[in-house]
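The model shown is predicted, which means the values in this text are computed figures rather than measured ones. Both ligands and their constituent atoms are indexed starting at 1 by order of listing.
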Amino acid sequence: MSRQPIIAGNWKMFKTGSEAKNFITELMPLVSHALARVFVAAPFTALQSAAQAAKGSQIVIGAQNMHDAVEGAFTGEISASMIKEAGANFVLLGHSERRQFFHEKNDFINRKVTRALSENLTPLLCVGETQEERDAEKTSKVLKTQLEECLSGVSNEQIEKIIIAYEPVWAIGTGKTATPEIAQEAHSICRDFLSKKWGRPVSDKVALLYGGSVKLDNIEGLMKMPDIDGALIGGASLQAKTFAQIINLVR
Ligand code: PGA
C-alpha cells in the first residue's frame, strides 16, 4: 500500500506573522521537488501571512488547535471557520502539550475532530503515551483508548481524511527519539486498531506520522518502517534550511 509521505512542522508558540512569511518564502524553492507533502502548523496570528506566502506552492498551512463550537461565548478561543478563512486546511488536535498544560481530554478532542471534519478541515490527531505509561507497559492500552475515544463516531468515509501522529510524550522536545523499531511497534498498534474498527482497506489509507525529536540524522531510519508515513516535527521545523533538508531526505 503506498501512502504519500507527509512531513509536517509544528511551530508551537514560535514565529510572528512576518517571520512566518519569511520562512515560507525561504522554504518554497528549497522543497519544490520534494516527494513528501509539506505541512506547516503555524500560530493563529501567523496563519494568514503563512497561507498567503504559500499560495501556488504545495505547502499546506494548518492551525495548532481550535474550539469545537461553531461560535459562542468562549473568550480567547478560535473556531474552525475562523481558521479556514485565515487560510488553514488542517488542524493539529490533541497535541500532548494541549493535553498536559491545558487539560484537554479525549471527549473534548473528539468533539473537535468531529467539528473539523464537518468544516472540511483535515484533523491531524496526536496520540502517545507518557514515560510512566510506557514503563508500566501500558502503551498499547493508552494508544487504543486515545484512538477509541478521540475518533468516536467517525465514519468509514471520514477516517480516510484524518491524519494520525504517534508522539510518545517522553520523546517530545527531549532529544530522546523513539528508535525506528519502537515507533514501528506503536504505529502497528494504531494501524491494527484502525483496521479492526474500520476495516483493512480503509486503515491502509490513513497516514500515520511519527513525532518526537525528529531530526536530520534520524528521519531516514524512521521512514524505512512500513507503518511510518511521515513525521510531525517541532524544534527541527523552525529553521527553513534544516526543515527543507529533512523533507528532501524523504524518498
Ligand atoms: P519535537 O516536537 O520535534 O520538538 O520533539 C514534536 C511535536 O511536539 O510535535
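Within ligand 1, the atoms closer than 4.0 Å to a non-hydrogen atom of Ala171 are 5 (O), numbered from 1 in the order shown. Every atom of ligand 1 with a heavy atom of Gly173 under 4.0 Å away is listed here by number and element: 1 (P), 4 (O), 5 (O). Atoms of ligand 1 found under 4.0 Å from any heavy atom of Leu232 (numbered from 1 in listed order, with element): 9 (O). Each of the following atoms of ligand 1 lies closer than 4.0 Å to a heavy atom of Gly212: 5 (O). Near His95, meaning under 4.0 Å from any of its heavy atoms, are these atoms of ligand 1: 7 (C), 8 (O), 9 (O).
With a 4.0 Å heavy-atom cut-off, ligand 1 is reached by no atom of Ala236. For Asn10, every heavy-atom contact with ligand 1 shorter than 4.0 Å involves the side chain, none the backbone.
When only non-hydrogen protein atoms are considered, atom 9 (O) of ligand 1 lies nearest to Glu167 OE2, 2.7 Å. Among all protein heavy atoms, the one lying closest to atom 2 (O) of ligand 1 is Lys12 NZ, 3.3 Å. For atom 4 (O) of ligand 1, the closest non-hydrogen atom on the protein side is Gly235 N, 2.9 Å. The nearest heavy-atom contact from the protein to atom 3 (O) of ligand 1 is Gly234 N, 2.8 Å.
Both the sub-6.0 Å distance and the 45° axial angle are not jointly satisfied by Arg111 relative to the ring of Phe108.
With respect to Glu133 and Lys141, no salt bridge is recorded, no charged nitrogen being found less than 4.0 Å from a carboxylate O. A salt bridge links Lys12 with Glu97; the closest basic N to acidic carboxylate O contact falls under 4.0 Å.
Taking all atoms of both residues into account, the shortest heavy-atom contact from Ser152 to Asn110 is O-ND2, 2.9 Å. Of all heavy-atom pairs between Gln58 and Val31, the closest is NE2-O, 2.9 Å.
Here's the thing with Thr174: none of its N/O atoms is less than 3.5 angstrom from an N/O atom of ligand 1.
Ring geometry for Phe243 versus Phe23: interplanar angle of 30 to 60°, hence tilted. Taking the six-membered ring where the residue is Trp, His187 and Tyr166 present perpendicular rings, their angle passing 60° and hence far from 30°.
Two residues are said to be in side-chain contact when any heavy atoms from C-beta on lie closer than 4.5 Å; Asp229 and Ile6 fail this criterion.
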